[in-house]
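Note that the structure is a prediction, hence the values are computed from the model and not measured.
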Amino acid sequence: MVLVPLPHPDTGRAAHGPAPRSEEFGLPAGAACVAQARCLVGTLLAGWGLADEPADDAIVVLSELVTNALAHSGGSRIVCRVRVLGDRVRIEVQDERRGASFPAMREPGTYDQGGRGLLLVNGLSDAWGVDEAADGTGRVVWADLSCWGSGAHG
């Protein structure tokens, strides 16, 4: 695959990577949701030509965001979006915002069995955050990862 410089969507500067692509899919919130999302995104990123390491990082980030949505949103459906824009991939997970808690990094104790998901997201992504869904039906937790370039994680 030949990579042609494209304008970076945020800066207008040239960025390396394929043409912008995006995909969205919804899943019922349930025990199989995380595995289904991982499989769908893995297949999608492989089809788009994303190299193994950045694709693996994106799948881990997606997995953590979906797991958090299941654990904390109280909704019945989760929407996942994957966008390749220039030299980065954006992972978005939208929940129905029925839970009271807001996504935030924690400092789990040594023996805590949970609480490390957003630490992983923070370590693997270049940036992440939380926004209200454009249509007001929930919140979107997103993460941007470098995928074609020398951008460092963290």
Side-chain angles (χ1 to χ4, degrees), residues 1 9-10 17-149 151-154:
M1 171 188 294
D10 295 337
R21 298 179 180 206
S22 66
E23 189 70 37
E24 176 179 309
F25 57 90
L27 296 170
C33 184
V34 176
Q36 289 173 327
R38 289 174 65 98
C39 182
L40 288 167
V41 169
T43 301
L44 182 69
L45 293 176
W48 288 350
L50 188 62
D52 289 344
E53 184 179 340
D56 290 345
D57 289 350
I59 292 168
V60 169
V61 166
L62 170 86
S63 180
E64 294 302 329
L65 295 182
V66 170
T67 299
N68 280 353
L70 287 172
H72 303 292
S73 76
S76 61
R77 185 166 177 77
I78 293 170
V79 176
C80 301
R81 291 179 197 89
V82 182
R83 298 179 184 160
V84 174
L85 301 166
D87 63 349
R88 64 191 168 110
V89 62
R90 173 168 279 200
I91 302 293
E92 297 180 0
V93 175
Q94 180 175 332
D95 63 41
E96 294 175 315
R97 195 189 59 222
R98 293 185 181 157
S101 62
F102 193 79
M105 281 196 306
R106 298 184 345 187
E107 292 188 34
T110 303
Y111 301 106
D112 289 347
Q113 295 201 12
R116 292 173 180 80
L118 290 178
L119 290 172
L120 280 170
V121 170
N122 190 63
L124 292 173
S125 63
D126 298 310
W128 70 276
V130 183
D131 296 316
E132 290 298 317
D135 62 3
T137 61
R139 73 179 147 226
V140 177
V141 183
W142 57 269
D144 287 345
L145 294 85
S146 295
C147 54
W148 285 276
H153 293 306

**OP:** I would like to know whether L50 and V84 meet side chain to side chain contact (heavy atoms under 4.5 Å, CB included); could you show each step before the answer?
**Re:** CA-CA 9 Å; L50 188 62; V84 174; 5.9 Å; no
How far does [atom1] of [X] sit from [atom2] of [Y], to the nearest 0.5 angstrom?
| X | Y | atom1 | atom2 | answer |
| --- | --- | --- | --- | --- |
| Q36 | I78 | CD | CD1 | 10.5 Å |
| T67 | L62 | OG1 | CG | 8.5 Å |
| I91 | R83 | CD1 | CZ | 10.5 Å |
| D95 | S76 | CG | OG | 11.0 Å |
| D126 | D87 | CG | CG | 8.5 Å |
| R139 | E92 | CZ | CD | 14.5 Å |

**OP:** Using atom types as modelled and distance alone, determine if a side-chain donor or acceptor of S63 lies under 3.5 Å from a backbone N or O of I59.
**Re:** no
Would you indicate whether the side-chain heavy atoms of [Y] and [X] approach each other to under 4.5 Å?
| X | Y | result |
| --- | --- | --- |
| S125 | L145 | yes |
| V141 | N68 | no |
| V82 | W48 | yes |
| L27 | L40 | yes |

Contact summary for [X] and [Y], nearest pair of heavy atoms:
| X | Y | value |
| --- | --- | --- |
| C80 | V93 | SG-CG2, 4.4 Å |
| W142 | V130 | NE1-N, 3.8 Å |
| P54 | S146 | CB-O, 4.1 Å |

**OP:** Evaluate the side chain to side chain contact (heavy atoms under 4.5 Å, CB included) criterion for residues Q94 and T137: first the C-alpha distance (whole Å), next the side-chain angles of each, then the deciding distance (0.1 Å), finally the verdict.
**Re:** CA-CA 9 Å; Q94 180 175 332; T137 61; 3.3 Å; yes
Original post:
Which is it for R21 and E23 under the side chain to side chain contact (heavy atoms under 4.5 Å, CB included) test, yes or no, and what are the steps along the way?
Top reply: CA-CA 7 Å; R21 298 179 180 206; E23 189 70 37; over 6 Å; no
**OP:** Determine, stepwise, if the pair F25 / V41 fulfils side chain to side chain contact (heavy atoms under 4.5 Å, CB included).
**Re:** CA-CA 10 Å; F25 57 90; V41 169; 3.7 Å; yes
